[in-house]
Each structure stands twice: as structure tokens, then as C-alpha cells.
J.: 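Next up is a structure, given as C-alpha cells.
Model, not experiment: these values are computed from the prediction.
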Amino acid sequence: MRRFYKDVSLGQQPGGFQVLLDGRGVKTVAGAAQVVPTRALAEALAAEWRDQGEKIDPASLPLRDMADYAIDIVVAERAGVVRGLLAYAETDTLCYRADPDEPLHARQQEVWEPLLARFEAALGIQLVRVSGIVHRPQPAESLAKLEARLCALDPFALAGVEAMTKLATSLVTALAALDAVHEQEPLALWRAACLEEEWQAELWGRDAEAEQRRARREADFLRACAFARLARS
């Protein structure tokens with residue numbers, strides 16, 4: 001599609017802010033007004049539209065896609081999104097370790113245990129660590145607190161957390177990234193979640209295609225984190 005607008009601005013609407021293209025408000029795929037809760041997120045969306053050339057590249061509008069998803073899907077299916085995320089908590093990557101006699105277990109303990117312990121302390125929960133692949137249920141009280149934490153998020157932050165969780169296969173990683181204090185924390189959390197991939201690469205060598213896929217996933221994770229955090233700015 002050729003670029004059909006010249007001016008990109010913001011309009012304040014009931015409930016937040018909307019990107020305006022030549023004065024006309026952007027709508028979602030489903031036709032709803034694309035109103036986001038913070039000016040910071042709206043500015044990020046506007047930047048995507050300003051950066052378009054003579055032709056619009058849909059792939060260069062990822063924040064727009066996430067905003068559409070939050071409005072068109074998460075708002076209507078919040079309970080289902082929360083249930084899906086709680087399923088990740090049951091098998092969170094950071095809770096499943098190698099057998100104690102394997103060298104990988106020591107690396108997991110070194111990298112994952114401090115992250116998991118901080119997360120537990122912040123939420124006042126306890127999660128079960130598992131060695132091997134045999135599933136063990138997480139405490140019902142901990143899951144209830146995680147559910148309450150998720151239910152407290154607005155649809156935009158929840159959409160970002162869902163994207164991060166799926167990429168990292170870890171709800172702990174996603175929520176920790178959302179609440180990160182330091183700028184570099186989300187990247188460090190992502191790389192911690194990829195510990196097993198890095199371990200395999202160190203053992204068997206690096207595959208160029210696998211490294212490219214991981215780099216794309218890393219960029220997607222950081223973008224989803226930025227989206228969720230901007231929604232709360």
C-alpha cells in the first residue's frame with residue numbers, strides 16, 4: 001500500500017490517546033478506535049507511522065499489531081488469556097532443571113535461582129523446582145497470587161506479558177521484565193531464559209540459522225516488553 005497520509009499527530013480521546021493520520025484516527029483491524037492508555041505508547045505508535053516511506057511496510061508496524069491485539073482480542077478474552085498464562089506458570093522454564101549430577105544443573109542454579117528467588121520474594125509466593133521432565137503441580141496459593149497479578153494488568157500490558165511469556169516459555173521471566181527497575185534487566189532476563197540454548201551452543205557449536213532465529217526472538221521479546229511498559233508509563 002502506498003503511503004496515503006502526510007501528517008502524523010496525536011489526539012486525546014476518552015480513555016487515552018489515538019494516533020491521527022491527517023487528522024483521522026487510526027482504527028484496529030476489527031474497526032475499533034485504536035485508543036491506547038498512555039501518551040508514551042501513543043508516541044511510539046506514531047513513530048512507526050512517521051518512519052514509513054513511500055510505501056507502507058506492515059512488518060514495520062509491530063507495535064500497531066500489538067495494540068490491535070490488545071483491543072480486539074485481549075479486551076474480549078481477558079479470562080482466557082490469563083488462563084493460558086497460568087498454564088505456563090505450571091511448567092515455567094526457570095523451575096525445570098537438569099538432574100543434579102549433570103553439569104547443566106549447576107549453571108541453572110547459578111543463573112536461575114537468584115532470579116526465581118527474587119521473583120518469589122516480590123510476590124510472596126513459592127514455586128516448586130523440578131529436576132527432569134516429570135511434571136509436578138505448583139502450589140494452588142501461588143497460582144492464585146499469580147492470577148491476581150495478571151488480572152490487575154490492563155489489556156495492553158497483558159498483551160505484552162503474553163507475548164514475552166510465549167517467547168521465553170516463562171511467565172516468571174515476563175513478569176520480572178515488566179517490573180524491571182534497570183534498563184538492561186529485560187535483556188538479562190531474556191538471555192537467562194535462553195540458558196539451555198546457549199549451553200547447547202557452547203557444547204556443540206553455533207548454527208548460523210539458529211542464532212538468527214534467537215536474535216529475532218530476542219528483538220520480539222524486548223519489543224513486547226517495551227510495549228507493556230509504555231502502556232503503564
Side-chain angles (χ1 to χ4, degrees), residues 1-85 88 149-168 171 173-175 177-180 183 185-187 189-190 213 215-233:
M1 181 187 297
R2 294 187 64 83
R3 180 166 173 159
F4 56 87
Y5 59 91
K6 293 182 179 179
D7 181 62
V8 181
S9 60
L10 294 183
Q12 190 160 3
Q13 307 291 352
F17 301 85
Q18 185 178 24
V19 175
L20 308 177
L21 304 179
D22 292 341
R24 300 177 64 181
V26 170
K27 294 185 180 296
T28 69
V29 172
Q34 194 193 68
V35 177
V36 298
T38 66
R39 179 178 288 277
L41 180 54
E43 289 285 6
L45 291 166
E48 288 187 337
W49 289 105
R50 291 191 185 104
D51 289 344
Q52 298 301 306
E54 292 183 4
K55 291 187 177 180
I56 296 173
D57 177 12
S60 66
L61 297 165
L63 298 181
R64 178 207 63 173
D65 293 343
M66 292 191 70
D68 283 1
Y69 178 75
I71 295 167
D72 292 341
I73 305 299
V74 178
V75 168
E77 300 179 11
R78 171 189 283 271
V81 172
V82 169
R83 282 196 303 272
L85 289 171
Y88 278 91
R149 176 76 180 87
L150 293 169
C151 288
L153 299 177
D154 68 75
F156 298 88
L158 191 57
V161 166
E162 183 186 34
M164 287 190 283
T165 299
K166 290 180 176 180
L167 287 161
L171 178 60
T173 299
L175 287 175
L178 178 67
D179 293 332
E183 185 178 349
E185 273 187 80
L187 177 58
L189 286 160
W190 164 256
R213 285 195 298 272
R216 287 195 295 269
R217 287 164 47 228
E218 178 179 293
D220 290 344
F221 179 92
L222 295 176
R223 187 183 300 112
C225 183
F227 178 89
R229 289 166 68 88
L230 287 169
R232 305 195 310 173
S233 297

J.: Over all heavy atoms of both residues, which pair between Ala42 and Phe17 is shortest? Give the atoms and the distance, please.
T.: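 Taking Ala42 first and Phe17 second, the nearest heavy atoms are CB-CB, 3.6 Å.
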J.: Output the distance between atom CG (Leu187) and atom CZ (Phe221), rounded to the nearest 0.5 Å.
T.: 9.0 Å
J.: How many angstroms lie between atom CD of Glu162 and atom CG of Leu167, to the nearest 0.5 angstrom?
T.: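 Here the interatomic distance stands at 10.5 Å.
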J.: Taking all atoms of both residues into account, what is the closest heavy-atom pair of Ala231 and Ala157, and its distance?
T.: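 Minimum heavy-atom separation between Ala231 and Ala157: CB-N, 4.1 Å.
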J.: Using the side chain to side chain contact (heavy atoms under 4.5 Å, CB included) rule, take Leu41 and Phe227 through it: C-alpha gap first, then chi angles, then the decisive distance, then the call.
T.: CA-CA 7 Å; Leu41 180 54; Phe227 178 89; 3.7 Å; yes
J.: Would you say Lys55 and Arg2 make side-chain contact, with heavy atoms under 4.5 Å?
T.: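 The answer is yes, as the side chains (C-beta and beyond) meet within the 4.5 Å cut-off.
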J.: Might you point out which heavy atoms bring Arg78 and Pro155 nearest each other, and give the distance in Å?
T.: NH2-CD, 3.3 Å
J.: How far apart are the closest heavy atoms of Leu20 and Gly25, and which atoms are they?
T.: CD2-CA, 3.6 Å
J.: For Ala174 and Thr165, which heavy atoms make the closest approach, and how far apart are they?
T.: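 Looking at all heavy atoms of both residues, the shortest contact is CB-OG1, 3.1 Å.
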J.: Do Glu43 and Leu230 make a side-chain contact, defined as non-hydrogen atoms from C-beta onward lying under 4.5 Å apart?
T.: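 The answer is no; the side chains never approach within 4.5 Å.
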J.: Apply side chain to side chain contact (heavy atoms under 4.5 Å, CB included) to the pair Leu45 and Gln18, showing each step before the final yes or no.
T.: CA-CA 9 Å; Leu45 291 166; Gln18 185 178 24; over 6 Å; no
J.: Is there side-chain contact between Val8 and Gln52, with at least one heavy-atom pair below 4.5 Å?
T.: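 Result no, sub-4.5 Å side-chain heavy-atom pair not found.
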J.: Find the distance between CG (Asp7) and CZ (Arg50) and round it off to the nearest 0.5 Å.
T.: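 One gets 8.0 Å once the value is rounded to the nearest 0.5 Å.
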J.: Yes or no on side chain to side chain contact (heavy atoms under 4.5 Å, CB included) for Leu171 and Val161, after CA distance, side-chain angles and deciding distance?
T.: CA-CA 8 Å; Leu171 178 60; Val161 166; 4.1 Å; yes
J.: Find out whether Arg232 and Leu178 are in side-chain contact, i.e. whether some heavy atom of one side chain is under 4.5 Å from a heavy atom of the other.
T.: yes
J.: Salt bridge (charged side-chain N to carboxylate O under 4.0 Å, His left out), that's the test. Do Asp65 and Arg223 meet it? Break it down for me.
T.: CA-CA 12 Å; Asp65 293 343; Arg223 187 183 300 112; over 6 Å; no
J.: Decide if atom CZ of Arg3 counts as having more than 12 heavy atoms of other residues, nucleotides or ligands within a radius under 6.0 Å.
T.: yes
J.: On a heavy-atom basis, which atom in Arg229 and which in Asp179 lie closest, and how many Å separate them?
T.: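 It is NH1-C, 3.9 Å.
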J.: Taking atom CH2 of Trp190 and atom CE of Met164, what is their separation to the nearest 0.5 Å?
T.: 11.5 Å
J.: Would you call Asp220 and Lys166 a salt bridge, using N to O less than 4.0 angstrom?
T.: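 No salt bridge links Asp220 with Lys166.
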J.: Before giving the answer on side chain to side chain contact (heavy atoms under 4.5 Å, CB included), spell out for Trp49 and Ile56 the whole-Å C-alpha distance, their side-chain angles and the decisive distance to 0.1 Å.
T.: CA-CA 8 Å; Trp49 289 105; Ile56 296 173; 4.1 Å; yes
J.: Check whether more than 12 heavy atoms from other residues, nucleotides or ligands sit under 6.0 Å from atom CZ of Arg24, and answer yes or no.
T.: no
J.: Can any side-chain N or O of Gln34 pair as donor or acceptor with the backbone N or O of Ala67 at less than 3.5 Å?
T.: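 Side chain of Gln34 to backbone of Ala67: no pair is present.
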J.: Tell me, do Leu175 and Leu150 make a side-chain contact under 4.5 Å, heavy atoms counted?
T.: yes
J.: How many angstroms lie between OG1 in Thr28 and CD1 in Ile71, if you round to the nearest 0.5 Å?
T.: 6.0 Å
